[in-house]
Amino acid sequence: MGVFSGLGEKLNHIFSKLTKKGKLTELEIKNAMREVRVALLEADVNFMVAKDFIAKVTEKAIGEDILKSLTPGQQVIKIVRDELVELMGGTNAKLGVASTPPTVILMCGLQGAGKTTMCSKLAFNLKKQGKKPLLVACDIYRPAAIEQLKIGAKNADVQFFSEGTINPAKIAKDAVDYAKKYALDTVIIDTAGRLHIDETLMAELVEIKKATNPTEILLTIDAMLGQDAVNVAKEFDEKLEITGTIITKLDGDTRGGVALSVKAVTGKPIKFCGVGEKIGDLEPFYPDRMASRILGMGDVLTLIEKAQEAVSEEEMKKVEENIRKNTFTFDDFLVQFEQIKKMGNLTDLISMIPGVAGKIKDVDIDEKKLTKYKAIIQSMTKEERQNPDLIKASQKKRIAQGSASTIQEVNQLMKQFEQSKQMIKNLSGRNMQKMFGRKINF
Amino acid sequence: MSFLSRLFEGNKKTKKSFAEKLKYIFTGSDIDEEFYEELEYCLLSSDISSQTCDAILESLREEIKSQKIKKTDDAKDALKGIMISILNRSQPSEVKTPAVIMVVGVNGVGKTTAIGKIANKLTSEGKKVLIAAGDTFRAAASSQLEVWAERAKVKIIKSAEGADPGAVVFDAIASAKAKGCDYLIVDTAGRLHNKANLMEELKKISRIVEREYPEAEYHKALVIDATTGQNALSQVKFFDEAVGITDLIVTKLDGTAKGGFVLSIASDYEVPIRYIGVGEGIDDLLPFSSKDFVDSII
């Protein structure tokens, strides 16, 4: 399950109660909002941030237009979602570039947030874009931190700069000079993890900032942080005027309410997410997608991207054509299985489909069953796959034997096939392209 | 230095404003709904889950009723009592040697640092300690542990990066037996608890300890970062399911985070908190005191 899906599930549950009713009273909205608040708190959204958020949404939701509308629940969801998107920062923010190179990126954060790992990921990412990054080791305290960054630089195949454990501001300054001399366009400075209330170490960061005049000062934040995240972010921002944040460890099962909190207290954009331990596991942060996921509205864009990677255009065109001609066959069904498998974990994927996240627990997505179905289809003759009407009792028996399954299972597949066919027909009738873009058919 | 003064040290500004806020809660005025609301704020902002918070306040209401408490300042001790009794449900027992302590946790919680401190503490108590560098995954992890081993003056068994952590542990057990060590402390790579394959690897390491060193008392200590929010509960659940957690170590309590999630953990699991980490120095490791901990929250 993706990040935030737990929260999305809860909101879905809350609003499913609302949606069932025709109209909403002020009291009902307030009750729903109380549950939204608990969900937000459980997701580690800061207490005060949650309070502000609820107040804003309640105010917007309690209006005559809303109360008189036919689907008030839907409208409330929309207001909550819009408010979340706004809170998390409108559109996706890109990295700034200095007018005269090198662009200096200063990384900072608490101990264990994942700064050193993130430095290598950023360098790798920038290098892929044709930049020439320099990784600079300014963590002179933690044992083996320099060595760790050096290995990271090697893995990212970028240059590495270290002067041992001397004054970090001097190292940083020298690194910028080095970058100028060797025409390296981006300098990424790794710094020691520090507590936001450690005045000596915070002053050290200010010194590094003065010495290097960074374009970006990025606060690295662990996605699992709790209520204290606002204090951390506020303090770093006050001392350093950060330009943005990076949320790490989003591949965990945390709901990551910290994304909401940090944005709310600093007003600075979230620029990237760390989503794994490998060097390529870096993603831009998309507030709109995240908000949709929070609300269980599905992360359609991510789903489409994944599908595009997994499915060849040709395969899809064929399936689409068959649907249009209303000749959806078992071969097309097989193609769909293959797509689904290629896209990765089924449960994850299905949770991204709009309206599904909240219901995911009731749906048994058995990947083994898919494999079994595949075997059954492959035991059919070419003619049978094209024309399912040919499959009668004796054919079923043969197919079951050929695929090491039971007749019941063959029947089950036949039923599923009919249902899918019907569903796809309905979907394409209701302008499926508009819903999913060109390439997705479920 | 006491637990409490350590908790307060370097942190006076935040603690002060917090203490001031609390002064308004326990003013000695009559108990009303606003009082409970303020308390709820105080508990929630220390990362106590909303469920545990509700349970604590529910008990408080009952106590206030049964003891006929009228004033807010009298409710303070009742509240502290409730919280302490939750935390006291499980206490760390005396460790029998020889013992293995396998240290586990998600990435960046401070496992390696905690191991350095524990090794130092045990050596200063005259124990013979060996460390196994079982984090063969993260770049430079074993070098980091080596520095701590030097500081604590203990021996370390390590292998090349990317090596099988099980093999390292296997060698370390043989060495601990041969040298007659009291403690073998096993470092493991940080891993997010929702990654099944990494948890399988941990189970494998754990099985090696059980098989190769059955005479040792086996402790499996989960390290949790005090700045963590509600995800701490998920960490306990998954690591407990995988290897059966016997001890907790809560790190980074020298910051402004309160680590209130331990109350929720104590409500659901019988896992005692053995140590807390309160700084980057080698001596910044203390035994857990539920009274001092509660004092730092209210």
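All heavy atoms count here, side chains included; hydrogens, waters and symmetry mates do not. Protein chains get the first letters and strands the later ones, always in sequence-line order, with residue 1 at the start of each.
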Exercise for the section: Could you have a look at B:Thr251, B:Leu145, B:Thr228 and say which one has the most heavy-atom pairs with chain A under 4.5 angstrom? Expected result: B:Thr228

Problem - Min side-chain heavy-atom separation A:Glu277-B:Asn107 under 4.5 Å - result: yes

Exercise for the section: Verify salt bridge (Lys or Arg N to Asp or Glu O under 4.0 Å) between B:Glu161 and A:Lys154, making sure each step is shown before the conclusion. Expected result: CA-CA 14 Å; B:Glu161 199 175 292; A:Lys154 200 176 145 225; over 6 Å; no

Problem - chain A contact via B:Glu280 - which portion, at a heavy-atom distance below 4.5 Å - result: side chain

Exercise for the section: With rounding to the nearest 0.5 Å, note down the distance linking CG in A:Asn46 to CG in B:Asp47. Expected result: 9.0 Å

Practice task
Taking the side chain as every heavy atom from C-beta outward, state whether B:Thr227 and A:Asp222 have any atom pair closer than 4.5 Å.
Solution key: no

Handout entry: Which portion of A:Leu149 sits near chain B, non-hydrogen atoms under 4.5 angstrom
Key = neither

Exercise for the section: Counting only heavy atoms closer than 4.5 Å, note whether B:Leu198 contacts chain A via side chain, backbone, both or neither. Expected result: side chain

Problem - Step-by-step side-chain contact (heavy atoms from CB on, under 4.5 Å) determination, A:Glu42 to B:Ser49 - result: CA-CA 7 Å; A:Glu42 280 174 1; B:Ser49 74; over 6 Å; no

Practice task
Answer yes or no: is there a side-chain heavy-atom contact under 4.5 Å between A:Pro143 and B:Glu146?
Solution key: no

Problem - Atom NZ of B:Lys204 with >12 non-hydrogen neighbours under 6.0 angstrom - result: no

Practice task
Would you indicate whether A:Glu147, at its atom CD, is surrounded by more than 12 heavy atoms from other residues, nucleotides or ligands within a distance under 6.0 Å?
Solution key: yes

Problem - Nearest-0.5 Å distance that lies between atom OG in B:Ser143 and atom CD1 in A:Ile151 - result: 6.5 Å

Exercise for the section: Could you tell me the separation between the OG atom of B:Ser46 and the CZ atom of A:Phe47, rounded to the nearest 0.5 Å? Expected result: 11.0 Å

Problem - Part of B:Phe261 within contact of chain A (heavy atom distance under 4.5 Å) - result: neither

Handout entry: B:Glu241 atom CD, over 12 foreign heavy atoms within 6.0 Å
Key = yes

Exercise for the section: Could you walk me through whether A:Asp251 and B:Lys195 pass side-chain contact (heavy atoms from CB on, under 4.5 Å), step by step? Expected result: CA-CA 9 Å; A:Asp251 48 331; B:Lys195 305 216 161 157; 2.3 Å; yes

Problem - Minimum side-chain heavy-atom gap B:Gln235-A:Met224 below 4.5 Å - result: yes

Practice task
Can you see which heavy atom on A:Val38 is nearest to which on B:Ser50, and at what distance?
Solution key: CG1-OG, 3.6 Å

Practice task
Tell me yes or no: between the side chains of A:Asp228 and B:Thr256, is some donor less than 3.5 Å from an acceptor?
Solution key: yes

Problem - A:Lys51/B:Glu37 salt bridge by N-O under 4.0 Å criterion - result: no

Exercise for the section: Scan side-chain atoms only and decide if B:Asp225 and A:Gln111 contain a donor-acceptor pair under the 3.5 Å cut-off. Expected result: no

Fill in the blank from the handout: Cut-off 4.5 Å, heavy atoms of chain B, and the answer for A:Leu225 is both

Problem - Winner by heavy-atom pair count (cut-off under 4.5 Å) against chain A, out of B:Val147, B:Leu233, B:Asn231, B:Leu192 - result: B:Asn231

Practice task
Please look at A:Arg194 and chain B and tell me whether the side chain, the backbone, both or neither of the residue comes under 4.5 angstrom of a heavy atom of that chain.
Solution key: neither

